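Every value quoted in this text rests on a predicted model; they were computed, and no experiment measured them. Residue numbers begin at 1 in each chain, while the letters A, B, ... track the order of the sequences.
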2 protein chains.
Amino acid sequence: MAANNQEPLSFARLVTLDERRPAYPQSLVELAYEQLLSMLVTMKIAPGAHIGIEALARQLDISQTPIREALTLLEAQKLAYKIPNVGFRAAELLTRREVHDLFELRLLIEPAAAAFAAQKAEDGALARLAGLAGEMSDAQTGNELAYAQFAEGDAKLHHLVAAASGNRFIAETVEGLHAHLHIFRFLFKTNATTKALQEHEAIIAALLARDPVAAERAMRAHLEASRARMNVVLEEQERLAAAQTPPAPDGPTRRGRSRRR
Amino acid sequence: MAANNQEPLSFARLVTLDERRPAYPQSLVELAYEQLLSMLVTMKIAPGAHIGIEALARQLDISQTPIREALTLLEAQKLAYKIPNVGFRAAELLTRREVHDLFELRLLIEPAAAAFAAQKAEDGALARLAGLAGEMSDAQTGNELAYAQFAEGDAKLHHLVAAASGNRFIAETVEGLHAHLHIFRFLFKTNATTKALQEHEAIIAALLARDPVAAERAMRAHLEASRARMNVVLEEQERLAAAQTPPAPDGPTRRGRSRRR
DNA sequence: CGCTCATATATCCTATATGATTTATCGGCG
DNA sequence: CGCCGATAAATCATATAGGATATATGAGCG
């Protein structure tokens with residue numbers, strides 16, 4: 001009993017942004033997965049926090065079995081991890097160094113992917129890229145919540161380029177790597193600059209012109225600029241955190257009994 | 001009822017070759033996962049074949065719930081896929097083009113990883129590499145089943161290099177990509193040449209010398225040679241398959257009732 | 001007064017039972 | 001004689017219950 005009607009899940013389907021889906025009668029595992037993903041991305045579940053299964057089962061009004069499967073899926077994506085007889089926990093927030101490493105790997109893959117895409121992309125893929133360019137030019141930069149729009153466009157762009165490379169493994173890997181960054185959307189909105197939009201446009205223009213060299217260069221420039229922008233903010237946050245709370249070793253842990261006499 | 005004592009699972013723990021593990025009282029999910037992985041790798045479950053849940057449950061004498069979770073894990077690794085209300089199937093064997101693409105991505109990542117490792121590897125990592133070099137020099141090349149030894153060494157080498165790069169995402173990605181190749185071990189043993197061993201030695205030597213340029217070059221040469229060796233065999237198999245069985249669209253599919261009067 | 005051991009409880013893990021959906025077989029109609 | 005719809009069964013999907021494990025609290029001993 002006790003069906004809850006909470007927020008209408010705004011951030012559903014962030015990672016799995018595949019095209020055309022039946023959407024309506026989706027599996028309970030998918031539903032739980034999307035709910036959990038949105039909770040993680042919106043920090044409704046804190047980074048290090050424990051994720052109780054039966055609590056979620058009651059909260060989402062779903063049985064434990066699908067919840068467990070959804071958590072297993074998130075674990076495979078490294079967005080959560082499991083300690084065998086203790087439970088699941090949300091993945092820790094990426095450190096500044098990890099963000100650096102993440103971009104290091106993306107810099108190995110995505111510029112090359114852009115070059116491949118310029119050479120081998122099918123016409124449909126280019127059409128979708130052109131369409132995306134149109135969408136993104138409409139977006140404002142100064143606006144408050146327009147940042148979400150930008151972030152979505154950014155994700156779509158990288159996804160499309162990776163897919164257009166024609167290399168299945170590149171597409172899968174890029175998709176997997178991007179998932180880690182969604183959480184940072186809510187920490188700062190520094191990437192939504194006019195400059196970032198120009199970088200996007202440069203990438204798309206090079207691809208539409210089928211110029212591999214320019215595409216590779218544009219993608220590399222975009223990633224490096226993006227990494228630099230993130231690094232600035234992360235250094236700032238690091239300094240603040242160091243001054244603020246020196247003692248805060250581990251997340252909220254509570255087990256065993258809670259009430260006594 | 002009906003506990004079965006079949007083969008003592010020879011190929012357990014192929015993908016998860018992490019160090020030091022409790023090993024003994026492992027979760028049933030892990031057990032099912034390893035059993036399934038070994039079945040997939042040894043082709044005991046054919047590439048396109050349907051994987052029935054309750055059948056496996058009886059066969060492994062494990063309940064359906066852990067089986068299902070293990071399958072979900074394999075699905076996340078793209079070693080199996082699920083059709084929503086129909087069931088799980090083993091992933092199709094990689095086509096020649098997919099193998100090419102897989103190596104294309106590895107060529108983007110692993111040479112760079114080797115260069116990073118040469119610069120930033122900790123002493124422990126180098127020590128393990130040196131130890132691996134000792135192991136591999138003992139292995140014979142002409143021997144029959146010595147190929148398994150070589151394959152294991154190859155997997156360990158790439159894993160160690162990726163880990164030694166100090167970049168968590170590189171390590172994870174390389175590990176994930178390598179999983180797809182395990183199946184090919186049983187199709188041919190062409191890679192276990194004296195030449196391949198020399199390539200391995202060159203990589204390790206460059207790393208021990210902390211020479212990034214040489215390490216990158218050695219890794220690139222090894223991957224390209226390995227890709228070429230695989231390509232030869234795959235072309236051969238392709239030709240054979242084309243001449244042999246033109247009509248064989250899908251794997252064994254059986255549902256609904258089986259017996260009637 | 002501090003440390004170790006026993007007990008209690010919450011939680012995870014596994015098993016089993018019920019419900020939903022797909023697939024195959026059979027009968028009827030065109 | 002072939003195509004199509006209804007029925008049956010097998011399987012997947014989900015819910016719920018029971019057993020196992022770890023963690024926290026408190027008493028006893030050094």
Side-chain angles (χ1 to χ4, degrees), chain A residues 1-4 22 24-36 45 49-75 80-90 249-261, chain B residues 1-4 22 24-36 45 49-75 80-90 249-261:
Chain A
M1 49 182 162
N4 69 325
Y24 275 92
Q26 52 190 347
S27 145
L28 285 191
V29 175
E30 291 179 54
L31 212 148
Y33 173 82
E34 292 180 359
Q35 288 272 3
L36 269 167
I45 297 177
H50 175 89
I51 303 177
I53 290 181
E54 72 168 4
L56 268 172
R58 275 199 309 275
Q59 192 180 339
L60 301 180
D61 201 24
I62 291 177
S63 157
Q64 296 189 10
T65 314
I67 302 269
R68 173 167 278 275
E69 261 185 67
L71 281 169
T72 302
L73 227 45
L74 287 169
E75 188 198 11
Y81 58 99
K82 168 174 107 168
I83 306 171
N85 277 320
V86 174
F88 289 87
R89 301 177 78 92
D250 66 313
T253 326
R254 53 205 160 60
R255 274 261 296 242
R257 67 173 128 189
S258 49
R259 153 186 68 81
R260 177 66 175 171
R261 202 179 318 181
Chain B
M1 50 179 162
N4 69 323
Y24 275 93
Q26 52 191 347
S27 147
L28 284 191
V29 176
E30 291 179 54
L31 213 149
Y33 173 82
E34 293 180 359
Q35 288 272 3
L36 269 167
I45 298 178
H50 175 89
I51 304 177
I53 291 181
E54 71 168 6
L56 268 173
R58 276 199 308 274
Q59 191 179 341
L60 301 180
D61 201 24
I62 292 178
S63 156
Q64 298 188 9
T65 315
I67 302 271
R68 175 167 278 274
E69 264 186 64
L71 282 169
T72 302
L73 227 46
L74 286 169
E75 188 198 11
Y81 59 100
K82 168 175 105 165
I83 305 171
N85 276 319
V86 174
F88 289 87
R89 303 177 77 91
D250 66 313
T253 325
R254 53 204 161 62
R255 271 247 318 226
R257 69 173 128 187
S258 49
R259 155 184 69 83
R260 179 65 176 170
R261 202 177 316 182

> Of all the nucleotides listed (C/dC12, C/dT21, D/dT14), which has the minimum atom distance to the side chain of B/N85?
Replying inline: C/dT21

> Could you give the CG-to-C1' distance, from B/L60 to C/dA15, as a whole number of Å?
Replying inline: 15 Å

> How many angstroms lie between OH in B/Y33 and OG1 in A/T72, if you round to the nearest 0.5 Å?
Replying inline: 12.5 Å

> For the pair made of CZ in A/F88 and P in C/dA10, what is the distance, rounded to whole Å?
Replying inline: 22 Å

>> Would you say that A/L71 contacts A/K82 through its side chain, given a criterion of any heavy-atom pair below 4.5 Å between the two side chains?
In response: no

> Counting side-chain heavy atoms from C-beta on, which of D/dT23, C/dA15, C/dT22 comes nearest to B/V86?
Replying inline: C/dT22

> Whole-Å distance between C/dT18 C1' and B/E54 CD?
Replying inline: 14 Å

> Would you say D/dT14 has OP1 or OP2 under 4.0 Å from some side-chain N or O of A/S27?
Replying inline: yes

>> Tell me the interatomic distance from B/I83, atom CD1, to D/dT11, atom P, rounded to whole angstroms.
In response: 16 Å

> What integer distance in Å separates A/K82:NZ from C/dT14:C1'?
Replying inline: 12 Å

> Heavy-atom contacts under 4.0 Å between residues 62-71 of chain B and DNA chain D, which residues?
Replying inline: B/R68

>> Show, in sequence, the C-alpha distance, side-chain angles and deciding distance for A/L73 and A/L36, and conclude whether the side chain to side chain contact (heavy atoms under 4.5 Å, CB included) test is met.
In response: CA-CA 11 Å; A/L73 227 45; A/L36 269 167; over 6 Å; no

> With side chains defined as the heavy atoms from C-beta onward, is the minimum distance between B/Q35 and B/Q59 less than 4.5 Å?
Replying inline: no

> Taking only side-chain nitrogens and oxygens of A/H50, does any of them come within less than 4.0 Å of OP1 or OP2 of D/dA22?
Replying inline: no

>> Rounded to whole Å, how long is the line connecting atom CD1 of B/I53 with atom P of D/dC12?
In response: 5 Å

>> How many whole angstroms separate atom CG of A/D61 from atom C1' of D/dA15?
In response: 11 Å

> Can you name the salt bridge (charged side-chain N to carboxylate O under 4.0 Å, His left out) partners of A/E69, sequence neighbours left out?
Replying inline: B/R68

>> Checking A/A90 now: which residues fulfil side-chain contact (heavy atoms from CB on, under 4.5 Å) with it, not counting sequence neighbours?
In response: A/L40, A/I45, A/I51

> Can you tell me how far CD1 of B/I53 sits from CD1 of B/I67, rounded to the nearest 0.5 angstrom?
Replying inline: 8.0 Å

>> Tell me the interatomic distance from A/E75, atom CD, to C/dC12, atom P, rounded to whole angstroms.
In response: 14 Å

